[in-house]
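Notes for the one structure printed next.
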Amino acid sequence: MDSLSQMALGAALSVAIMRRRVAPWKAALAGAVAGTLPDLDTLVHYTDAVDNMTRHRADSHALLYLALFAPILAGVVSWLSGTLAQWRWWWLAMSLALLTHSLLDYFTIYGTQLLRPFTSTPFGLGSLFIIDPLYTLPLLVGLIITLWRSRKDTGHNTLSANAWGLGLSTAYILWSVGAQTYVKHQVEQQLTVQQQQAYSVMVTPAPFNTVLWRVVLRSDTDYQEGFYSLFDGSRPVRFQAFTHDASLAHALQDLPQVQRMVWFTHGFYIVRRQGDKAILSDVRMGQEPMYVFSFEVAQLNDNQWQAVPTHNIGGRPQANITLALRWLWQRMWGVDIDPPRSLEPL
């Protein structure tokens, strides 16, 4: 998830654990810092852009390493705050702030290597978009009300708003999992009726919500993309096929960076040729033809594909944001219209 969500979750959990054992602002500050610490791995530069992408959410997000680091962080926090007597409570608070960072990331599609060093498998359920106001706002509102009340009120209900914020945000996660499961079931039923069971199905939310869902079908020969709103009811998903150069992918299969991306995306990638360049895109994030992560992985020289230092050429810098948001709003409410496909401003 985004840094604001991680900071809010860490702060809210720390306030809930420390209660009135320390000043709520101290607990919130320590929890916010702990909640964002794992993402400092973005400051580390590896060999190239593919390595940077696939090593993010690795060791710094491993549950075992975070659990081992938690008592050390608790000792530092209790010493800096002058509350050494509360070290055990700080340990619990810091453990939750650190561990829930990785667990929250698991609900996005990116891929979090939770079980290192035992396995480097990237886990990603994909039931939450990386930025979702309906998850973050309850945490922020509950935390702000609690901190404001703590300055004026020492009554029993001082922390109730924070508890409500945590409860609502947790319920929203559960809702997202249920909605994703429902949409995937709907799609799989449709494929069964159409006798297209050969496809692997990926279901992820469209930006900023859990009402509209993006569905990607993958087979050995092609990819298809469609969208399903919870307001669509029994209306089948309309899929559009998009190109994937299978022969080029085969030619590049021995390149280490290609192999790494195939592993990290669980096979949800496409390879395309642009002139004398081979471009590999992670189709899990973004939508056709605009993907967050696209890498030039090889160049054609003397009829031979040769690996090149990779850099990310993805993102949506040329997308018409107003048009995209207008489409998102209409499609979310069940209006069956095609998404904008142009990379250029209109």
Side-chain angles (χ1 to χ4, degrees), residues 107-111 122-129 174-250 253 261-273 279-294 323-324 326-343:
F107 289 98
T108 67
I109 197 64
Y110 186 95
F123 297 96
L125 182 62
S127 67
L128 287 176
F129 190 70
L174 297 177
W175 152 262
S176 76
V177 175
Q180 182 192 40
T181 303
Y182 169 77
V183 174
K184 189 170 184 179
H185 176 70
Q186 292 289 99
V187 173
E188 289 175 341
Q189 279 193 323
Q190 176 181 332
L191 295 178
T192 299
V193 171
Q194 297 173 350
Q195 297 183 344
Q196 298 185 68
Q197 299 97 315
Y199 284 98
S200 297
V201 180
M202 183 190 72
V203 176
T204 58
F208 317 127
N209 77 104
T210 52
V211 174
L212 179 62
W213 296 79
R214 175 175 178 253
V215 182
V216 177
L217 307 181
R218 174 177 65 87
S219 74
D220 293 335
T221 57
D222 73 323
Y223 284 79
Q224 298 186 44
E225 177 186 70
F227 293 87
Y228 181 85
S229 167
L230 297 181
F231 291 98
D232 286 351
S234 59
R235 186 173 65 206
V237 180
R238 289 194 300 110
F239 289 102
Q240 295 180 324
F242 55 94
T243 59
H244 167 63
D245 193 332
S247 61
L248 178 57
H250 179 75
Q253 64 181 350
M261 284 297 294
V262 172
W263 156 75
F264 193 73
T265 63
H266 300 284
F268 280 91
Y269 73 100
I270 57 172
V271 176
R272 292 168 173 165
R273 179 172 176 174
I279 308 299
L280 186 151
S281 300
D282 181 345
V283 302
R284 301 173 306 157
M285 289 170 277
Q287 65 190 58
E288 177 66 19
M290 300 168 283
Y291 297 108
V292 177
F293 294 100
S294 290
L323 179 66
R326 187 184 305 130
W327 168 82
L328 177 66
W329 178 256
Q330 291 179 300
R331 187 65 190 87
M332 185 174 69
W333 293 105
V335 181
D336 191 14
I337 54 178
D338 290 332
R341 296 296 189 187
S342 174
L343 286 170

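Annotation: cation-pi geometry not satisfied between R284 and F268 (NZ/CZ under 6.0 angstrom from ring centroid, within 45° of ring axis).
The side-chain heavy atoms of L280 and I270, taken from C-beta on, include no pair separated by under 4.5 Å. Under the 4.5 Å side-chain criterion, counting only non-hydrogen atoms from C-beta, L248 is not in contact with R272. Counting heavy atoms from C-beta on, the side chains of V237 and V183 never come closer than 4.5 Å. Taking 4.5 Å as the limit, some side-chain heavy atom of D336 sits within range of a side-chain heavy atom of R331. Looking at P122 and H266, their side chains come closer than 4.5 Å, going by heavy atoms from C-beta outward.
Here the shortest heavy-atom pairing between A179 and L230 reads CB-CD1, 4.3 Å. Nearest heavy atoms, S176 versus T210: CB-CG2, 3.9 Å. Here the shortest heavy-atom pairing between A249 and V271 reads CB-CG2, 4.1 Å. The two residues D232 and G334 come nearest to each other via the heavy atoms OD1-CA, 3.4 Å.
Between H244 and Y269, the angle of the ring planes goes over 60°, which puts this pair in the perpendicular group of the 30/60° scheme. Taking the six-membered ring where the residue is Trp, F231 and W333 present tilted rings, their angle falling between 30° and 60°. Under the 30°/60° scheme for interplanar angles, the aromatic rings of Y228 and Y182 are found to be tilted.
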With side chain to side chain contact (heavy atoms under 4.5 Å, CB included) as the test, would you mind laying out the steps for Q196 and L191 before giving the verdict?
CA-CA 5 Å; Q196 298 185 68; L191 295 178; 4.0 Å; yes
Could you walk me through whether Y223 and Y199 pass the side chain to side chain contact (heavy atoms under 4.5 Å, CB included) check?
CA-CA 9 Å; Y223 284 79; Y199 284 98; over 6 Å; no
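Here CD1 of I109 is found 9.5 Å from CZ of R214. Values are rounded to the nearest 0.5 Å. Considering CD of E288 and OG of S281, their distance stands at 8.5 Å, rounded to 0.5 Å. To the nearest 0.5 Å, the span separating CH2 on W327 from CE on M332 amounts to 11.0 Å. Atoms CD and CD, from Q186 and E188 in turn, are 10.5 Å apart once rounded to the nearest 0.5 Å. Rounding to the nearest 0.5 Å places CZ of F239 at 10.5 Å from CZ of F227. Residue Q180 holds its CD atom at 10.0 Å from CE of M202, rounded to the nearest 0.5 Å.
Between the side chains of D245 and T243, no donor-acceptor pair of N or O atoms lies under 3.5 Å.
Within a 6.0 Å sphere centred on CD of Q194, other residues, nucleotides and ligands contribute more than 12 heavy atoms.
The backbone N or O of P339 sits nowhere less than 3.5 Å from a side-chain atom of Q287 that would complete a donor-acceptor pair.
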